[in-house]
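Each residue takes its place number in the sequence, starting with 1. Worth saying up front: this structure is predicted, and the values here are computed from it rather than measured.
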Amino acid sequence: KQVTISGLNSGIFYVRAYARSSEGVSYGEIVKLIANENLEYTTLPTFMHASSTYRVHPEFNVTNVDWFQAMSMCENLTYGGYSDWMLPTKDVLYTMYLHKNDIGDFMDYYWNSSAEEAYYYYYWASTEDSNDANIAWLQGFSYGDQSLAYKSSSYDSSENYSNVFFPFRARCVRKEN
């Protein structure tokens, strides 16, 4: 069913569907709505890492992408007159985790009431594993943990890492100085 929302002021809003039944409540994924897609570049959130200022893109906080899609999405982004956006390194992404409340717009988990468990979100880093080019780093935004995952589902291995690929989230940044 399509729903129309009107009368929103300029800004970013979040919507989440839910359904009630005799077995409880199930929640859908949170969806971000941007009431004014021409947000000023200078209003985008910033943070400091290693004496450099980074600006965080608001719209590519997407889920279910593999590492190659995340890299391409950020590398091909033009926003605010700039085309040098990137997927953050694992160190930059960890700093983003430390400042996630100031930056905003991160998903750390959602509760699946039918399974009675939480699903935790991880974000791709551009940093590849030093021992295996098929693996890249992830940053968790619930507890701050970093881990490794296969970049895509096309890679199969009997290594110690999970050989099941799970798509993760991505967030693009731009280094300003």
Are [X] and [Y] packed together at the side-chain level, in the sense that at least one heavy-atom pair is separated by less than 4.5 angstrom?
X	Y	result
I135	E128	no
L44	Y79	yes
L98	Y94	yes
M86	K175	yes

inquiry  = Going by the rule ring pair (Phe, Tyr, Trp, His ring centres under 6.0 Å), which residues pair with W85 if we only count those two or more places apart in sequence or in a different chain?
reply    =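 Counting only residues at least two positions away or on another chain, W85 forms a ring pair (Phe, Tyr, Trp, His ring centres under 6.0 Å) with H57.
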- Message: Measuring centre to centre across the rings, with the benzene-like ring taken for any Trp, is F141 within less than 6.0 Å of Y123?
- Response: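 So the answer is yes for these two rings.
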* To do: Grab the two heavy atoms, one from L93 and one from P88, that are nearest each other, plus how far apart they are.
  =>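 Residues L93 and P88, closest heavy atoms: CD1-CG, 3.6 Å.
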task = Quick one: closest heavy-atom pair of C74 and L87, and the distance?
result =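 Taking every non-hydrogen atom into account, CB-N, 3.5 Å.
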- Results of side-chain contact (heavy atoms from CB on, under 4.5 Å) for S147 - residues two or more places apart only: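 Result, side-chain contact (heavy atoms from CB on, under 4.5 Å) vs S147: Y122, L138.
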Could you work out, with side-chain contact (heavy atoms from CB on, under 4.5 Å) as the rule, every residue matching A136, not counting sequence neighbours?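 For A136, the residues satisfying side-chain contact (heavy atoms from CB on, under 4.5 Å) (neighbours in sequence not counted) are W67, W124, K151.
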Test applied, side chain to side chain donor-acceptor pair (under 3.5 Å); reference residue, Q139; option that passes from K100, R171, R169, Q146: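 Result for side chain to side chain donor-acceptor pair (under 3.5 Å) with Q139: Q146.
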**Asked** If you round to the nearest 0.5 Å, how far is CG of N134 from OG of S152?
**Response**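 Between S152 OG and N134 CG, I get 7.5 Å after rounding to 0.5 Å.
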**Q.** CG-CG distance between L148 and D129, expressed to the nearest 0.5 angstrom
**A.**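 Atom-to-atom, L148:CG and D129:CG are 5.0 Å apart.
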My understanding is that only residues two or more places apart in sequence, or in another chain, count here; which of them pass side chain to side chain donor-acceptor pair (under 3.5 Å) with E75?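 E75 satisfies side chain to side chain donor-acceptor pair (under 3.5 Å) with no residue once adjacent residues are dropped.
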Side chain to side chain donor-acceptor pair (under 3.5 Å) involving D102 - partner list, sequence neighbours excluded
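For D102, no residue satisfies side chain to side chain donor-acceptor pair (under 3.5 Å) once neighbours in sequence are set aside.
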With sequence neighbours left out, write down each residue that passes salt bridge (charged side-chain N to carboxylate O under 4.0 Å, His left out) with D145, or none if nothing qualifies.
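Salt bridge (charged side-chain N to carboxylate O under 4.0 Å, His left out) list for D145, sorted by chain: empty.
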With sequence neighbours excluded, tell me which residues meet salt bridge (charged side-chain N to carboxylate O under 4.0 Å, His left out) with E176.
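Here the qualifying residues are R55, R174.
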Using residues 45-54 as the side-chain source, report each donor-acceptor pair under 3.5 Å to any protein atom, sequence neighbours left out, with the distance given to one decimal.
unit_1 : atom_1 : unit_2 : atom_2 : d
H49    : ND1    : T95    : OG1    : 2.7
S52    : OG     : N177   : O      : 2.8

* Asked: Does T78 use its side chain to pair, donor to acceptor, with the backbone of S83 at less than 3.5 Å?
  ->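 Answer holds: no.
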